[in-house]
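Since the model is a prediction, treat every value here as computed from it, not as a measurement.
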Amino acid sequence: MGRCHSRLPQVGKTLRPQQKDLLKSLRIIFVMGGPGCGKGTQCENMAAKYGFCHVGLGELLREEANQATVRGQQIRDIMLKGLLVPTGVILDMVSDNMLSRPESKGFLIDGFPRELNQAKEFERIAVKRKKSVCRRPQVGRSPNIVIVFDCSTETMIHRVLLRGQKGHREDDAEDVVRQRLETHYTLCEPILAFYQQKNLLRNILAEDAAENIFAKCCSVIDSLQ
(Lines give C-alpha, C1' and ligand atoms only; values in the text may rest on other atoms or scores of the structure.)
Protein backbone atom coordinates (compact mmCIF):
# COMPACT_ATOMS: atom_id res chain seq x y z
CA MET A 1 0.00 0.00 0.00
CA GLY A 2 1.22 3.48 -0.88
CA ARG A 3 3.94 2.26 -3.23
CA CYS A 4 4.21 3.27 -6.85
CA HIS A 5 5.25 1.07 -9.76
CA SER A 6 6.87 3.19 -12.47
CA ARG A 7 9.90 3.36 -14.74
CA LEU A 8 11.61 5.86 -12.47
CA PRO A 9 14.82 4.46 -10.87
CA GLN A 10 14.45 2.30 -7.76
CA VAL A 11 18.08 2.65 -6.65
CA GLY A 12 20.30 5.71 -6.33
CA LYS A 13 23.36 6.36 -8.47
CA THR A 14 26.83 5.33 -7.27
CA LEU A 15 28.83 8.15 -5.66
CA ARG A 16 32.51 8.86 -6.23
CA PRO A 17 34.92 8.15 -3.30
CA GLN A 18 35.37 11.85 -2.44
CA GLN A 19 31.60 12.33 -2.42
CA LYS A 20 31.17 9.43 -0.02
CA ASP A 21 33.87 10.84 2.26
CA LEU A 22 32.09 14.20 2.34
CA LEU A 23 28.74 12.64 3.27
CA LYS A 24 30.45 10.60 6.00
CA SER A 25 31.96 13.71 7.63
CA LEU A 26 28.80 15.83 7.82
CA ARG A 27 26.31 16.05 10.68
CA ILE A 28 23.07 14.61 9.36
CA ILE A 29 19.71 14.75 11.12
CA PHE A 30 16.60 13.13 9.69
CA VAL A 31 13.29 14.78 10.61
CA MET A 32 10.20 12.59 10.31
CA GLY A 33 6.48 13.09 10.82
CA GLY A 34 3.21 13.09 8.92
CA PRO A 35 2.06 15.91 6.63
CA GLY A 36 1.09 18.93 8.72
CA CYS A 37 3.04 17.95 11.84
CA GLY A 38 5.12 21.14 11.59
CA LYS A 39 8.50 19.62 10.77
CA GLY A 40 9.17 22.03 7.88
CA THR A 41 8.70 25.12 10.03
CA GLN A 42 10.85 23.76 12.84
CA CYS A 43 13.58 22.70 10.40
CA GLU A 44 13.79 26.27 9.13
CA ASN A 45 14.12 27.51 12.72
CA MET A 46 16.81 24.95 13.56
CA ALA A 47 18.72 25.66 10.35
CA ALA A 48 18.79 29.38 11.14
CA LYS A 49 20.04 28.84 14.69
CA TYR A 50 22.69 26.18 14.05
CA GLY A 51 23.87 27.05 10.55
CA PHE A 52 22.53 23.82 9.11
CA CYS A 53 21.12 23.35 5.65
CA HIS A 54 17.42 22.47 5.49
CA VAL A 55 16.79 19.86 2.80
CA GLY A 56 13.00 19.74 2.41
CA LEU A 57 12.24 16.57 0.46
CA GLY A 58 8.64 17.60 -0.20
CA GLU A 59 9.77 20.93 -1.66
CA LEU A 60 12.36 19.22 -3.85
CA LEU A 61 9.71 16.85 -5.17
CA ARG A 62 7.25 19.66 -5.87
CA GLU A 63 9.91 21.61 -7.74
CA GLU A 64 10.66 18.56 -9.86
CA ALA A 65 6.96 17.87 -10.41
CA ASN A 66 6.52 21.38 -11.82
CA GLN A 67 9.15 20.81 -14.49
CA ALA A 68 7.85 20.37 -18.03
CA THR A 69 9.58 17.00 -18.43
CA VAL A 70 8.46 13.38 -18.62
CA ARG A 71 10.02 12.72 -15.22
CA GLY A 72 8.34 15.80 -13.77
CA GLN A 73 4.95 14.63 -15.03
CA GLN A 74 5.52 11.13 -13.63
CA ILE A 75 6.42 12.52 -10.21
CA ARG A 76 3.43 14.87 -10.28
CA ASP A 77 1.03 12.02 -11.09
CA ILE A 78 2.46 9.92 -8.25
CA MET A 79 2.18 12.75 -5.72
CA LEU A 80 -1.41 13.59 -6.67
CA LYS A 81 -2.34 9.99 -5.86
CA GLY A 82 -0.72 10.30 -2.42
CA LEU A 83 1.78 7.57 -3.29
CA LEU A 84 5.55 7.34 -2.80
CA VAL A 85 8.05 8.43 -5.42
CA PRO A 86 10.56 5.58 -6.12
CA THR A 87 13.56 5.27 -3.83
CA GLY A 88 16.18 5.92 -6.52
CA VAL A 89 14.73 9.33 -7.34
CA ILE A 90 14.56 10.26 -3.65
CA LEU A 91 18.14 9.20 -2.87
CA ASP A 92 19.54 11.08 -5.86
CA MET A 93 17.66 14.25 -4.89
CA VAL A 94 18.87 14.09 -1.28
CA SER A 95 22.52 13.29 -2.06
CA ASP A 96 22.75 15.84 -4.91
CA ASN A 97 21.36 18.56 -2.64
CA MET A 98 23.80 17.75 0.15
CA LEU A 99 26.82 17.50 -2.13
CA SER A 100 26.01 20.92 -3.62
CA ARG A 101 26.49 22.54 -0.19
CA PRO A 102 29.79 21.21 1.22
CA GLU A 103 30.25 24.35 3.33
CA SER A 104 27.22 23.56 5.51
CA LYS A 105 27.74 22.69 9.19
CA GLY A 106 25.15 19.93 8.87
CA PHE A 107 21.91 18.90 7.26
CA LEU A 108 18.32 18.67 8.43
CA ILE A 109 16.67 16.29 5.98
CA ASP A 110 12.96 16.92 6.29
CA GLY A 111 10.54 14.16 5.28
CA PHE A 112 13.12 11.40 4.86
CA PRO A 113 13.15 8.43 4.89
CA ARG A 114 9.61 7.65 3.77
CA GLU A 115 9.99 3.88 3.71
CA LEU A 116 12.39 1.35 5.24
CA ASN A 117 14.24 0.69 1.98
CA GLN A 118 15.19 4.37 1.78
CA ALA A 119 16.64 4.23 5.28
CA LYS A 120 18.72 1.17 4.43
CA GLU A 121 19.86 2.39 1.02
CA PHE A 122 21.03 5.71 2.47
CA GLU A 123 23.55 3.78 4.56
CA ARG A 124 24.94 1.73 1.70
CA ILE A 125 28.12 2.44 -0.25
CA ALA A 126 28.45 0.75 -3.63
CA VAL A 127 32.18 0.08 -4.06
CA LYS A 128 33.26 -0.38 -7.67
CA ARG A 129 35.85 -2.94 -8.72
CA LYS A 130 37.73 -3.18 -12.01
CA LYS A 131 35.64 -3.35 -15.20
CA SER A 132 32.91 -1.38 -13.36
CA VAL A 133 31.59 -4.48 -11.61
CA CYS A 134 29.99 -3.51 -8.27
CA ARG A 135 30.62 -5.59 -5.19
CA ARG A 136 27.85 -6.24 -2.70
CA PRO A 137 26.90 -2.84 -1.17
CA GLN A 138 28.42 -2.27 2.25
CA VAL A 139 27.06 -0.29 5.18
CA GLY A 140 28.02 3.38 4.99
CA ARG A 141 26.70 5.56 7.81
CA SER A 142 23.57 6.28 9.78
CA PRO A 143 22.24 9.77 10.50
CA ASN A 144 23.49 11.29 13.75
CA ILE A 145 19.95 11.36 15.06
CA VAL A 146 16.33 10.99 13.90
CA ILE A 147 13.78 13.50 15.21
CA VAL A 148 10.17 12.31 15.04
CA PHE A 149 7.29 14.78 15.37
CA ASP A 150 4.29 13.13 17.07
CA CYS A 151 0.97 14.70 16.14
CA SER A 152 -2.64 13.50 16.04
CA THR A 153 -4.31 12.72 12.72
CA GLU A 154 -7.00 15.34 13.37
CA THR A 155 -4.44 18.08 13.99
CA MET A 156 -2.42 17.21 10.89
CA ILE A 157 -5.47 17.16 8.62
CA HIS A 158 -6.65 20.52 10.00
CA ARG A 159 -3.23 22.11 9.51
CA VAL A 160 -2.77 20.77 5.98
CA LEU A 161 -6.23 21.85 4.83
CA LEU A 162 -5.59 25.31 6.23
CA ARG A 163 -2.23 25.41 4.45
CA GLY A 164 -3.89 24.28 1.24
CA GLN A 165 -6.37 27.15 1.41
CA LYS A 166 -3.54 29.65 1.75
CA GLY A 167 -1.05 28.14 -0.67
CA HIS A 168 -3.27 26.28 -3.15
CA ARG A 169 -1.06 23.20 -3.19
CA GLU A 170 -2.62 20.39 -5.21
CA ASP A 171 -1.39 17.70 -2.81
CA ASP A 172 -3.11 19.45 0.12
CA ALA A 173 -6.62 18.47 -1.01
CA GLU A 174 -8.41 16.46 1.71
CA ASP A 175 -8.64 13.17 -0.20
CA VAL A 176 -4.94 13.35 -1.07
CA VAL A 177 -4.04 14.27 2.53
CA ARG A 178 -5.88 11.25 3.89
CA GLN A 179 -4.13 8.97 1.37
CA ARG A 180 -0.77 10.52 2.31
CA LEU A 181 -1.47 9.90 5.99
CA GLU A 182 -2.51 6.31 5.32
CA THR A 183 0.70 5.77 3.36
CA HIS A 184 2.75 7.46 6.10
CA TYR A 185 1.33 5.32 8.92
CA THR A 186 1.65 2.11 6.91
CA LEU A 187 5.30 2.59 6.01
CA CYS A 188 6.53 4.53 9.03
CA GLU A 189 6.45 1.80 11.72
CA PRO A 190 9.28 -0.32 10.24
CA ILE A 191 11.44 2.80 9.92
CA LEU A 192 10.89 3.76 13.55
CA ALA A 193 11.74 0.22 14.66
CA PHE A 194 14.88 0.29 12.50
CA TYR A 195 16.18 3.48 14.13
CA GLN A 196 14.97 2.51 17.60
CA GLN A 197 17.32 -0.48 17.45
CA LYS A 198 20.14 1.96 16.72
CA ASN A 199 19.05 4.22 19.62
CA LEU A 200 18.72 7.17 17.26
CA LEU A 201 15.05 8.12 17.74
CA ARG A 202 14.09 11.31 19.56
CA ASN A 203 10.32 11.85 19.78
CA ILE A 204 8.88 15.35 20.12
CA LEU A 205 5.22 16.07 20.86
CA ALA A 206 4.18 18.48 18.10
CA GLU A 207 0.80 19.55 19.50
CA ASP A 208 2.32 22.27 21.69
CA ALA A 209 2.96 25.94 20.88
CA ALA A 210 5.58 26.43 18.15
CA GLU A 211 8.11 28.07 20.48
CA ASN A 212 7.88 25.17 22.94
CA ILE A 213 8.37 22.64 20.17
CA PHE A 214 11.42 24.57 18.98
CA ALA A 215 12.90 24.52 22.49
CA LYS A 216 12.57 20.73 22.54
CA CYS A 217 14.23 20.50 19.13
CA CYS A 218 17.14 22.61 20.35
CA SER A 219 17.60 20.35 23.38
CA VAL A 220 17.91 17.36 21.06
CA ILE A 221 20.50 19.06 18.84
CA ASP A 222 22.46 20.44 21.80
CA SER A 223 22.78 16.89 23.11
CA LEU A 224 24.91 16.11 20.03
CA GLN A 225 27.48 18.80 20.79
Side-chain angles (χ1 to χ4, degrees), residues 1-35 37 39 43 52-58 60-61 64 71 74-75 78-79 82-99 106-129 132-150 180-203 220 224:
M1 180 183 296
R3 299 177 190 277
C4 171
H5 302 285
S6 76
R7 295 182 180 180
L8 292 170
Q10 300 294 326
V11 295
K13 60 191 176 187
T14 300
L15 300 179
R16 297 192 300 272
Q18 61 267 36
Q19 292 176 318
K20 299 171 192 172
D21 291 341
L22 176 61
L23 294 185
K24 280 185 177 182
S25 67
L26 296 170
R27 178 165 291 175
I28 299 173
I29 300 171
F30 291 167
V31 184
M32 297 177 58
C37 71
K39 59 186 182 296
C43 279
F52 292 166
C53 175
H54 174 203
V55 181
L57 182 55
L60 292 178
L61 287 169
E64 187 70 30
R71 178 169 123 151
Q74 289 176 319
I75 291 175
I78 292 169
M79 292 176 66
L83 303 177
L84 288 181
V85 174
T87 292
V89 175
I90 299 297
L91 291 172
D92 288 348
M93 282 185 170
V94 170
S95 61
D96 287 349
N97 197 279
M98 294 173 65
L99 290 168
F107 290 88
L108 292 156
I109 306 183
D110 162 11
F112 180 87
R114 299 190 175 192
E115 60 178 328
L116 182 58
N117 189 49
Q118 292 178 6
K120 292 181 176 180
E121 286 299 321
F122 185 87
E123 298 184 2
R124 296 184 189 277
I125 300 177
V127 184
K128 287 191 173 182
R129 293 191 297 186
S132 298
V133 177
C134 287
R135 292 186 289 179
R136 182 182 180 88
Q138 299 178 358
V139 173
R141 62 158 292 182
S142 300
N144 295 86
I145 210 161
V146 180
I147 297 176
V148 181
F149 283 73
D150 293 324
R180 289 167 63 195
L181 281 169
E182 182 180 350
T183 299
H184 169 74
Y185 286 128
T186 300
L187 300 177
C188 153
E189 288 304 321
I191 304 172
L192 298 183
F194 177 72
Y195 287 126
Q196 185 65 58
Q197 291 178 345
K198 297 172 177 283
N199 195 32
L200 294 176
L201 283 189
R202 300 296 183 271
N203 293 76
V220 170
L224 297 175

Check: Sequence neighbours excluded, which residues qualify as side chain to side chain contact (heavy atoms under 4.5 Å, CB included) partners of Arg202?
Finding: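 By the side chain to side chain contact (heavy atoms under 4.5 Å, CB included) rule, Arg202 matches Ile145, Asn199, Val220.
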
Check: Residues two or more places apart in sequence or in another chain: which of them pass side chain to side chain contact (heavy atoms under 4.5 Å, CB included) with Cys188?
Finding: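 Side chain to side chain contact (heavy atoms under 4.5 Å, CB included) list for Cys188, sorted by chain: His184, Leu192.
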
Gap separating the [atom1] atom of [X] from the [atom2] atom of [Y], nearest 0.5 angstrom:
X	Y	atom1	atom2	answer
Phe107	His54	CZ	NE2	12.0 Å
Leu108	Phe30	CG	CZ	11.0 Å
Asn97	Met93	CG	CE	10.0 Å
Glu189	Leu116	CD	CG	12.0 Å
Leu61	Glu64	CG	CD	8.0 Å
Asp92	Leu60	CG	CG	12.0 Å

Determine the minimum heavy-atom distance between [X] and [Y], stating which atoms define it.
X	Y	value
Leu57	Gly111	CD2-O, 3.3 Å
Met98	Ile109	SD-CD1, 3.6 Å
Ser142	Lys198	OG-NZ, 3.5 Å
Pro143	Leu200	O-CD1, 3.7 Å

Margin query: Using the rule given for side-chain contact (heavy atoms from CB on, under 4.5 Å), can you reason through Phe52 versus Ile29, listing the C-alpha separation, both sets of side-chain angles and the distance that settles it, and then say yes or no?
Written below: CA-CA 10 Å; Phe52 292 166; Ile29 300 171; 3.8 Å; yes

Margin query: I'd like to know whether Val89 forms a side-chain contact (heavy atoms from CB on, under 4.5 Å) with Arg71, so could you lay out the CA-CA distance, the side-chain angles of the two residues, the decisive distance to 0.1 Å, and finally the verdict.
Written below: CA-CA 10 Å; Val89 175; Arg71 178 169 123 151; 4.2 Å; yes

Next item on the list: Give the intermediate values and the outcome of side-chain contact (heavy atoms from CB on, under 4.5 Å) for residues Ile191 and Val146.
Entry: CA-CA 10 Å; Ile191 304 172; Val146 180; over 6 Å; no

Notebook entry, point to check: Do Pro113 and Ile90 have side chains that get closer than 4.5 Å, going by heavy atoms?
Noted result: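 Side-chain contact under 4.5 Å: no.
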
Margin query: Main chain of Val31, side chain of Lys39: is a donor-acceptor contact present, judged purely on distance under 3.5 Å?
Written below: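 Flag not set: sc Lys39 to bb Val31 has no pair under 3.5 Å.
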
Next item on the list: Begin with the C-alpha distance, continue with both residues' side-chain angles, and end with the deciding distance and a verdict on side-chain contact (heavy atoms from CB on, under 4.5 Å) for Ile28 and Arg141.
Entry: CA-CA 10 Å; Ile28 299 173; Arg141 62 158 292 182; 3.7 Å; yes

Notebook entry, point to check: Quick one: which of Leu84, Thr87, Leu187 gives a side chain to side chain contact (heavy atoms under 4.5 Å, CB included) with Arg114?
Noted result: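 That would be Leu84; it is the only one of Leu84, Thr87, Leu187 passing the side chain to side chain contact (heavy atoms under 4.5 Å, CB included) with Arg114.
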
